[in-house]
Structure formats: C-alpha cells, structure tokens
Amino acid sequence: MEYNFREIEQKWQDQWKQQGAYKVSNPEPGKTAKPKYYVLDMFPYPSGAGLHVGHPLGYIASDIFSRYKRTKGFNVLHPMGYDAFGLPAEQYALEHGVHPAVSTANNIGNFRKQLDKIGFCFDWDRQVNTSEEGYYKWTQWIFLQLFKSFYNRKTAKAESIDVLVAAFEKEGNMNHICPADNALKFTADQWRGMSEQDQQDILMNYRLSFCGYGEVNWCEALGTVLANDEVVNGVSERGGFPVVKKKLRQWYLRITEYADRLLSGLETVEFSDAMKEMQTNWIGKSYGAEIDFEIQGLAGQSLRVYTTRPDTIFGVDFMVIAPEHELVDVLTMPEQLSAVQEYITYVKSRSERERMAEKRISGCFTGAYVLNPFNNQPIPVWISEYVLAGYGTGAIMAVPCGDERDLRFAKHFDIPVTNILGEAYNGVEANATKDAVLHNSYFLDGIVMRDAINIVLEKIEERGIGQRKVNYRMRDAAFSRQRYWGEPFPIKWINGIAYPLEESELPLILPKVDSYSAGPEGEGPLANIESWTSQHLETNTMPGYAGSSWYFLRYMDPHNAAEFCSKAASDYWGQVDLYIGGTEHAVGHLLYSRLWTKVLFDLGYISHEEPYKRLLNQGMIQGSSRFVYRLNITRDGAAVLNNEIYVSKGLADRYNAEELSFSELIAEVKSQFAALPAIDAGDTIAINPIHIDVNAVDGVELDVEAARKTRHNYVNAVFILENGKYICGAEVEKMSKSKFNTVNPDDLVVKFGADTFRMYEMFLGPVEMSKPWDTKGIEGVHRFLKKLWRLFFDELKGKVWVEEAPTAAELKILHRTIRKIEDDNERFSFNTAVSAFMVCVNELTDLKCHKKAILADLLVLLTPYAPHITAELWALLGNENILEAAYPVFDVKYVTESAKEYPVSINGKVRTNINIALDAAQADVEAIVLGNEVVIKWLEGKPHKKIIYVKGKMINVVV
RNA sequence: GCGCAUGUGGCGUAAUUGGUAGCCGCGCUAGACUUAGGAUCUAGUGGAGUGAUCCGUGGGGGUUCGAGUCCCUCCAAGCGCACCA
C-alpha cells in the first residue's frame with residue numbers, strides 16, 4: 001500500500017463534510033464543560049482573481065492552532081466568512097453590467113472551492129456574508145445605536161442621547177461641552193425655546209455617528225469619498241486615482257471622542273510593538289498649549305496658536321498661519337494685499353497631490369505683527385501652506401532654532417533667527433532637544449527646557465492668555481460613500497432632520513438598480529431611484545469597513561434573527577483569543593472594529609471592550625519573478641528579426657557588462673540558431689528583460705517546452721542556451737498576475753496534496769515574516785509524509801506496524817517531540833515544529849520503530865498540520881475518530897536525563913584540582929571532583945542546563 | 001526626514017533567549033538498487049588546510065570568563081508614517 005494522497009484527502013474531506021465534523025456549538029445554559037477558545041482570521045474580500053499561495057498562509061496557521069487547541073480540550077470557535085461589500089465589485093458592475101451580488105456570489109463560490117481543497121476546519125454553518133440582508137440588518141442596527149448615542153465625557157463612555165436631552169432640559173449644555181464646537185453654550189431655557197430643527201442640529205453635533213459638512217477626500221474617478229486610511233500619497237488606495245479635498249455632506253463616526261480609550265486599550269491587548277506603534281501614531285496624541293498673541297494695533301484681537309513647546313516662547317521669530325485661516329483678511333495689511341491674494345491663489349491651484357509630491361518652501365508676509373505676551377516684542381505674521389488648517393488652531397509660533405521646517409522657512413525668507421539654545425544650536429541645523437539650557441529667554445535663562453515647559457504653562461494660565469491643550473492627529477472617520485454596493489443608511493430626511501428608522505423597519509434593503517452611475521450633485525446611484533428618494537431615504541451607503549467592524553460578534557450567534565448576537569453567546573465566547581491577519585489593516589479595520597466594540601460595551605450589549613486579545617500578523621508572501629532576455633536588433637529603426645530570440649542570463653549579463661562583444665554575441669546566437677539573418681555591424685542591439693511565468697521555471701532554469709505553452713509569442717521563439725541550459729533572471733516583487741509570478745495553491749495541492757501544501761507553507765519560515773514564495777523545497781516535505789507512511793506500511797511487505805511495547809529509547813524520542821511540538825504550537829513557531837516532526841520520523845526510521853503505541857501519539861501531534869494522512873493512518877491502526885483524540889501528555893522522565901554521571905572538561909580541556917561553585921540556578925546538579933576529572937551528577941526528574949560555573953570559569957559538560 | 005523590524009552556508013532557515021553556531025529542508029558530491037529514473041536508500045556537504053588546527057553569524061568598536069544574541073556606531077535592503085507645530 002502506498003501513500004495515495006489524492007484518494008485519502010478526497011475521502012476524508014467528503015466524510016468530514018457529511019458528518020458535519022467541524023460543527024461548533026454554543027453550550028447549553030449552565031453547561032460549560034469545556035473552556036472556550038476563539039481563533040479568528042481576517043475574512044477575505046472575495047475578489048475575482050482567486051487565491052494565490054500568499055492568502056492561505058494565515059488560514060493554515062490559524063487552522064493548525066485551532067486543531068491543536070481542540071486536542072488540548074478546548075471548545076474552539078474557528079469561523080470564516082466574506083467581507084462582500086465594496087468598490088471592486090461595483091467597478092466590475094459598471095464595466096461589465098453584472099450585478100455586484102452576482103459577481104460576488106461567483107467569487108465566493110471560487111474562494112470556497114479553493115479553501116475546501118486545503119482542508120480547513122472552519123465551521124461553515126457559521127459563515128457570514130456582510131452583503132446579505134440577515135447580516136446587514138444588524139450593521140444598520142448598530143449604526144443606529146451609534147446615532148442614538150453620545151460620548152459623555154463626564155463618565156467617559158457612550159450613553160443614550162436621551163440622557164443628553166434630559167440634561168439639556170434641566171441645565172442646558174453647561175456640563176456637556178459640544179465636541180463639534182467648544183464655543184456653543186446654551187441654557188435650559190434657551191434649549192426649550194428652540195425649534196425642533198435647531199435642537200436636532202445641536203444633537204447632531206453630539207451623536208457618535210453624525211451627518212455634517214466637511215472637507216472630505218473626494219475621488220472623482222471612483223465617484224466617492226474615501227476615508228483617510230484609504231488615501232495613499234494623495235491618490236486612492238484602490239486604483240491609484242487622484243483625490244482632492246471637497247466640501248460635502250457626509251456621515252462620520254465620532255472616533256475622536258474615543259481617542260484616549262483607543263490608546264489606553266492598547267495596553268490591555270497583545271499586539272506587536274510595531275502594530276501598537278502604528279495605531280499610536282495614527283491617533284497622534286500630543287500634549288501642548290494654546291497661546292493667544294495680541295495683534296499689534298488691534299487691541300483685544302488676538303491670534304491663537306497651538307504649540308507643544310511653550311518653553312521656546314522667547315525663540316519665536318515669526319508666526320505662520322494656514323492659507324485657509326479665518327484671520328487672513330484681518331491680518332493682511334493694505335500694502336501686502338496683492339501679494340497675499342496672489343499667494344492664496346497659488347495655494348488653491350495646487351492639488352493635494354502636488355503638495356505631497358513636492359514640498360516647496362512658499363509663503364507670504366501679511367504685514368501684521370503680534371506681540372509676544374512676555375516681552376511685548378513684535379513678531380511678524382506670515383502665511384504658508386506648510387501650516388495645516390485642520391490641525392491645532394491652524395496657526396503656529398515658529399521657533400527656527402528648534403524646528404527644522406521653521407528654520408528652512410526663516411532661511412528662505414531671510415528672517416533673523418534668535419538662538420535660545422546657546423551652544424546646542426550650531427546655526428546650520430535646528431535642534432529639537434528638550435535637554436538644552438535656555439539662553440536669551442529672560443526669566444527662563446539657565447533653566448533646562450524640559451522643566452521650563454511647566455513654568456511657562458503655569459504663567460500662561462495664571463495670566464489667562466492660554467491653556468494646556470491635548471490634540472490628536474486622528475480625525476473623525478468619514479462614514480459615507482456615494483456608491484451603490486454597500487449598506488443603506490437606515491435614515492429618513494424630513495425637512496432637513498435625520499430620523500432613524502424603527503428597528504421593525506430593518507433591514508432597509510438595498511434596492512435593485514438599472515444603472516450604477518452616480519446620481520446628481522455628487523450623490524450615489526440610489527439618488528436615481530424614484531421609489532427611494534420619494535421616501536426621503538438617505539442616498540449614501542456605508543463604507544467597506546462597516547460590515548467588518550463587528551463580524552467577529554456575528555460568528556458567535558450567526559443565525560439569531562432577534563439580536564445581532566445574544567448576550568449569552570458573546571459572554572461565552574468573549575474576546576477573540578487569537579486574531580490572525582496582515583498588517584495592512586493596522587489603522588483601518590483594526591481601529592474601527594475596536595471603536596464599535598467599545599461603543600457596544602458602553603451601551604451594555606457586550607461584556608468586553610477590546611475585541612481582540614491577541615493579534616498575530618502574518619507576513620506577506622512575495623512573488624519571486626523570473627525574467628527572460630529578449631534580443632532586439634534594429635536597423636534604421638526597424639526590427640531585423642522575424643523570430644523572437646531570447647538569450648540566457650549569463651550572455652545578457654556579459655554583453656551588458658561589455659565582457660562580450662557584439663560580434664561574439666552574434667556568433668554565439670548563430671552557433672545555436674543557424675537561420676539567423678545577416679547582422680550588420682551598424683545594427684543596434686538591446687537586451688530587454690521580460691517577465692516569464694514562474695511556473696515554467698525550475699529554480700532559475702527555464703523549462704523551454706513548458707515556457708512555449710505559457711504565451712503565444714513563445715511558440716516559435718528561439719532560446720539561446722549557455723552550457724546547455726537557459727538561465728532566467730530573478731527578482732523579488734509583489735505577487736501579481738501581471739508579473740507572471742503568482743503560484744496557484746490548487747496546482748500544488750493536485751501535485752503534492754493538501755497535507756504537503758499545508759506543512760510546506762509553515763515550513764517556509766516564521767508566520768510573521770515576509771518572504772518570497774519558492775516552490776523548490778516542497779518535495780522535502782512531501783518526502784517526509786511518505787517516510788511517515790512507511791513507518792506504517794511498506795510497499796512490498798504491506799503492514800509493518802506492530803503492537804509491541806516500546807523501548808526507552810523510542811519513548812524518549814516520542815516524549816521529547818510531544819514537548820517540543822507543544823512549546824512550538826504555543827508560541828506559533830510552526831516552522832520549527834515541522835522540523836521537529838522530521839527529526840522524530842528520521843529517528844524512528846533509524847531505529848526501525850514501527851510500534852503502535854509510539855506511532856499513535858505521533859499522529860495526534862501531527863494531525864493539526866496534516867489532518868488527512870493522520871486520519872487515514874489513525875483509522876488503519878484501528879482507532880476511532882482522530883478529531884476527538886486528546887493531545888498526549890509527555891513524561892518528564894523521558895524528556896530529561898535521569899541520574900547519570902558525566903565526565904567534565906573545562907573549556908574543552910580536562911582540569912584537575914577544581915573547586916566547584918554552583919550557582920543557585922544550577923542547584924539540580926551535583927558535582928564531584930575525582931582526581932583528574934569532575935563528575936557531574938544530575939538529580940532525577942528536572943530539566944537541566946549543561947553548563948555550570950567553577951570559580952567564575954565556565955565548564956562545558958561533555959555528554 | 002522620522003519610526004519600526006531585519007541582516008547567519010549556494011538557498012529557505014535553526015540555535016532551549018548570554019553558554020560547543022549552522023537543527024530541519026532544498027541544492028550539490030559520491031555510491032547502492034535498477035532497463036531507466038525526476039522513485040528509494042547510504043555517506044558527505046560553512047571556509048582554508050594532507051593534518052593537528054585555524055577562520056567564520058553585514059563592517060568597526062565595547063561590555064562579559066563567554067556575544068549570532070546585550071550596548072555604541074556605520075553600511076545594506078525592507079515595512080510603516082510623512083509638513084501634525
């Protein structure tokens with residue numbers, strides 16, 4: 001009997017499907033026999049391109065871990081679903097007229113087929129699809145909870161908007177500063193006297209999901225707005241289209257109110273430092289102060305700036321305001337009017353993208369001066385685009401000796417620089433230190449900057465010319481899209497007031513449309529539907545991240561028609577214990593889903609406020625591209641050759657490095673391709689690298705016949721070899737179809753089987769690490785599985801496994817492996833675990849060990865990695881269901897050495913007359929000096945180190 | 001520019017976290033069984049040297065009895081952020 005993986009894998013996949021073997025149930029109330037464990041993958045967007053070998057990496061890791069936890073006696077939730085709303089499906093619909101629901105369903109079908117072949121243990125009964133009514137009903141419902149809530153800064157949590165209304169009626173808004181407008185103040189009487197419209201407008205400024213006008217990232221090509229994290233370098237993340245700022249009516253999530261809790265929550269979760277860093281940077285909390293500078297000649301009027309360095313107040317040489325600053329008109333003096341107007345026109349002409357791409361120093365003097373509040377020195381006020389209107393107060397105090405940008409600006413416009421840093425400033429580079437001693441700073445002279453910060457802050461507050469202020473870089477998240485393929489907002493507009501739909505009216509079903517083109521005035525396709533607009537329904541839809549912000553909760557209770565997830569279910573499953581996915585969602589999805597979880601927690605719907613306890617970031621699998629070198633010979637601009645000629649890499653390199661002359665190259669080509677047309681010395685030759693399908697290349701050696709099948713042009717092409725081989729060039733790039741470097745998992749599964757594929761993906765290296773795909777080593781893993789098979793069956797002899805009792809040596813191999821695999825699994829070191837399996841099987845093979853007692857335990861260790869072959873062998877040993885098998889317990893006595901005596905050498909040489917000084921840590925070792933030798937005696941049953949110290953010198957123990 | 005992580009044989013990687021560097025696999029070399037093998041098995045495989053030995057973890061320096069691991073510095077390629085005052 002040989003290892004027929006195709007038959008075996010098909011058989012077990014069918015059987016498990018039929019049995020519903022991976023079905024996970026929520027425990028009956030009061031019955032919680034098993035502890036729970038929740039392993040989650042970031043669910044995929046079902047794109048039309050299908051899976052490549054990079055996608056399943058994280059899924060395989062999570063699958064192994066889930067199966068492992070199951071053998072450890074946990075009730076494991078390991079679901080999968082689809083993030084099915086989104087732009088690409090709609091773009092496809094625009095181009096091909098296929099309804100997004102149809103193309104999405106097709107893509108999901110493909111994904112599912114591919115995933116099934118790899119043998120995952122997902123409980124498909126719990127599958128979610130964010131574009132299904134039964135799912136998005138609850139996305140809409142949660143949106144309404146946000147809409148009906150505000151963030152109570154007094155209690156630091158979300159509360160019902162009714163609480164706010166009650167407070168307004170009793171005492172106005174004195175206890176609830178308006179997050180959208182600090183200056184808004186009203187009394188209870190004023191509130192009661194307002195029209196409904198005015199009251200609703202005010203409430204909108206408090207709601208956690210709210211509608212307002214604001215500068216948004218408008219992408220004309222996509223016809224919609226984008227969230228900040230969907231814009232990269234001034235162009236859209238999807239498609240790379242230009243993005244401009246535009247004022248539009250938009251829905252937002254008031255995520256800024258949660259900035260602090262999103263920050264502090266990071267301390268309670270196990271994310272990588274890099275991930276925490278990215279989120280922290282995105283939130284961008286900074287501590288500083290707002291300071292008012294009186295405008296010279298305009299008593300009572302002042303310019304307010306934001307600074308994190310009030311200690312540098314005497315180093316302020318000029319002020320800079322953003323071109324959009326509201327005081328531009330007030331500050332512009334008549335003699336500067338035309339210059340300022342010209343500058344503002346210039347700034348407006350520059351797109352966001354230009355501003356990002358070339359950061360040139362530009363600006364204009366307003367003619368106005370403000371007064372330094374501490375010494376009344378006049379300070380000139382400038383306008384420049386390097387100050388952003390949207391951050392702080394849109395105005396800064398510039399301290400050129402301490403800030404590089406300020407210094408560049410000062411130098412460019414010849415503004416004199418005051419040095420408050422003494423020797424710490426060299427006149428060439430700004431120094432942003434906080435540790436220098438202040439100079440030229442009046443009452444601060446001689447004080448270290450770090451300490452001066454507080455002194456200045458206190459003076460400022462004492463004199464009432466400013467106050468401490470915390471700022472965040474993060475903005476409220478744009479939450480509407482002018483597109484079709486998303487969740488409709490459950491909102492009706494009547495007389496300019498947004499009314500939420502009743503829960504009984506949900507789901508608000510996305511209607512069918514005839515065309516996906518944009519509606520009037522920047523509105524989405526829904527604005528073209530008469531039956532929709534006549535009901536005054538909101539025409540925007542929700543962005544892609546809406547459905548993915550809470551899907552981990554739906555998995556817990558996927559079929560609940562009455563709630564998004566029952567409290568009993570979310571209390572049982574709790575946090576996601578292990579979340580696996582890529583880093584690309586660091587600031588988008590991860591931040592939004594943390595926000596939604598916190599709101600649901602505040603409102604009492606769930607009992608935990610951080611969704612993910614532990615996050616594991618899988619590395620990206622890059623493509624390893626291969627190139628062939630095309631010979632282009634032209635005469636007077638026209639191609640000389642009818643055939644396409646490709647030369648091997650060595651020839652191309654040598655020619656390009658001028659080690660090979662024109663005529664030598666032609667001679668080489670001619671020797672292999674006699675039909676080469678005559679070449680003139682005056683012809684020009686170019687050798688161009690061209691991507692070739694990696695699947696036609698073995699390492700770097702091209703399989704010429706396989707290559708001919710990959711592209712039409714290659715059928716009659718001529719390949720010029722070196723040493724009888726065609727060698728390709730290689731380069732690591734992103735995996736993509738256009739670079740012909742994608743490797744399809746289906747092909748590998750057909751050739752080697754799912755078990756081999758799974759183990760090989762893990763064997764490649766640590767899951768967290770990015771690496772280029774290389775299929776070369778897969779045979780080694782496949783050989784391992786065949787070797788394992790031969791421990792049970794021999795091609796000639798048939799069954800070779802026996803019932804005999806194992807020897808101590810065999811038990812030692814087994815128990816060491818049990819411990820090693822457990823350690824490796826627990827720390828997600830799946831690559832070293834695969835190595836350990838290979839060592840184990842090699843050793844058992846060497847010992848000719850075919851004993852059932854050993855082999856059965858080994859199968860249980862291995863089943864998370866290679867579920868099919870282990871199930872088959874387990875059944876052949878006469879055992880019941882391997883999915884129910886428990887992880888074996890290792891016996892310490894086989895793992896560690898038992899009491900034994902070892903001769904000892906010091907640094908490789910045997911020493912005499914040694915005084916032994918044992919560390920406390922090595923107290924499980926006993927050492928005896930015997931003449932020329934030191935004998936080390938290990939006490940039984942404890943793990944040990946092989947090293948002890950003798951009078952400060954190391955002893956190497958030779959075992 | 002700032003931040004984060006990384007650098008080990010021909011290649012992917014490992015090293016029990018400061019203790020004999022190179023486990024496991026690929027590739028390569030030699031051999032066995034074969035009509036044949038891209039099947040399987042055996043032996044070898046960091047470099048130099050017949051050898052004992054010596055040299056080796058991107059470069060340089062430091063801490064330590066001892067450094068791939070810790071510290072400083074430089075170099076290289078990678079990811080993230082990018083006028084946030």
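Throughout, a chain's letter reflects where its sequence line sits, starting with A, and its residues are numbered from 1.
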What form does the base of U42(B) take, syn (within 90° of 0) or anti?
->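 Base orientation: anti.
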What's the base orientation of G49(B): syn (chi within 90° of 0) or anti?
->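 Here G49(B) takes the anti form, which means its glycosidic angle is more than 90° from 0.
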How far, in whole Å, is [M] from [N] if one measures between their [atom1] atoms?
| N | M | atom1 | answer |
| --- | --- | --- | --- |
| A52(B) | G47(B) | P | 16 Å |
| C26(B) | A36(B) | P | 24 Å |
| U35(B) | U50(B) | C1' | 42 Å |
| A21(B) | U69(B) | P | 13 Å |
| G25(B) | G9(B) | C1' | 14 Å |
| G7(B) | G60(B) | C1' | 16 Å |
| U45(B) | G22(B) | C1' | 12 Å |
| G46(B) | C2(B) | C1' | 39 Å |

Of all heavy-atom pairs between Leu263(A) and Lys285(A), which one has the smallest distance, and what is that distance?
->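 In this case the closest contact between Leu263(A) and Lys285(A) is CD1-CD, 3.6 Å.
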How close do Asn741(A) and Gly623(A) get, heavy atom to heavy atom, and via which atoms?
->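 Heavy atoms only, the tightest pair is ND2-CA, 3.6 Å.
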When you measure from the side chain of [X], which nucleotide among [options] comes out closest?
| X | options | answer |
| --- | --- | --- |
| Met278(A) | G80(B), C83(B), A85(B) | G80(B) |
| Thr308(A) | A15(B), A85(B), G25(B) | A85(B) |
| Met838(A) | C24(B), A85(B), A14(B) | C24(B) |

Encode nucleotides 37-44 of chain B as B, S and - characters from 5' to 3', where the letter depends on protein heavy atoms closer than 4.0 Å: B to the base, S only to sugar-phosphate, - to neither.
-> --SSS---
Letter by letter from the 5' end, nucleotides 3-9 of chain B scores (B base, S sugar-phosphate only, - none; protein heavy atoms under 4.0 Å) SS-----
Upstream residue (5' side of RNA chain B) when Trp282(A) and Ser770(A) are each assigned their closest nucleotide |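 Here Ser770(A) is the residue nearer the 5' end.
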Short side-chain to backbone donor-acceptor contact, [X] and [Y], under 3.5 Å:
| X | Y | value |
| --- | --- | --- |
| Lys771(A) | Met769(A) | yes |
| Asp406(A) | Val399(A) | yes |
| Asp317(A) | Thr418(A) | yes |

Would you classify Pro772(A) as touching base, sugar-phosphate or nothing, given that sugar-phosphate means primed atoms plus P, OP1 and OP2, and contacts are heavy atoms under 4.0 Å?
->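 Since no nucleic acid heavy atom lies under 4.0 Å of Pro772(A), the category is nothing.
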Scan Ser286(A) against the nucleic acid and name what it touches under 4.0 Å (heavy atoms): base, sugar-phosphate only, or nothing.
-> sugar-phosphate
Atom [atom1] of [X] and atom [atom2] of [N]: how far apart are they, to the nearest Å?
| X | N | atom1 | atom2 | value |
| --- | --- | --- | --- | --- |
| Lys776(A) | G27(B) | NZ | P | 6 Å |
| Asp823(A) | U16(B) | CG | P | 12 Å |
| Met762(A) | A14(B) | CE | P | 13 Å |
| Phe763(A) | C24(B) | CZ | C1' | 5 Å |
| Arg475(A) | C81(B) | CZ | P | 16 Å |
| Met620(A) | C79(B) | CE | P | 7 Å |
| Leu764(A) | G12(B) | CG | P | 11 Å |
| His325(A) | A85(B) | NE2 | P | 17 Å |

Between Phe413(A) and Phe409(A), does the ring centroid distance fall short of 6.0 Å?
-> yes
Pick one: which of Tyr760(A), Phe752(A), Phe757(A) meets ring-ring contact (aromatic ring centres under 6.0 Å, His included) with His782(A)?
-> Phe752(A)
Does [X] put a side-chain nitrogen or oxygen below 4.0 Å from OP1 or OP2 of [N]?
| X | N | answer |
| --- | --- | --- |
| Tyr386(A) | A85(B) | no |
| Asn842(A) | G25(B) | yes |
| Asn831(A) | C24(B) | no |

Between the side chains of Thr256(A) and Asp476(A), is a donor N or O closer than 3.5 angstrom to an acceptor N or O?
->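 There is such a pair between these side chains.
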Side-chain donor-acceptor contact under 3.5 Å, Asp824(A) with Thr832(A) | yes
Is the number of heavy atoms from other residues, nucleotides or ligands within 6.0 Å of OH (Tyr287(A)) greater than 12?
->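 At most 12 heavy atoms, drawn from other residues, nucleotides or ligands, come within 6.0 Å of this atom.
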Kindly check if the number of other-residue, nucleotide or ligand heavy atoms within 6.0 Å of NZ (Lys434(A)) is above 12?
->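 Atom NZ in Lys434(A) is not crowded, with 12 or fewer foreign heavy atoms closer than 6.0 Å.
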Is there a side-chain contact between Tyr343(A) and Val328(A) (heavy atoms, below 4.5 Å)?
-> no
Plane angle bin for Tyr865(A) and Phe837(A) - parallel if under 30°, tilted between 30 and 60°, otherwise perpendicular |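 Rings of Phe837(A) and Tyr865(A): perpendicular, as their planes differ by over 60°.
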Scan Ile64(A), Val834(A), Val781(A) and name whichever one has a side chain to side chain contact (heavy atoms under 4.5 Å, CB included) with Arg758(A).
-> Ile64(A)
Watson-Crick and G-U pairing of RNA chain B, under 3.5 Å, as dot-bracket with | and [ ] | ((((.((..(((......[....)))((((((.......))))))(((....)))..(((((..]....))))))).))))....
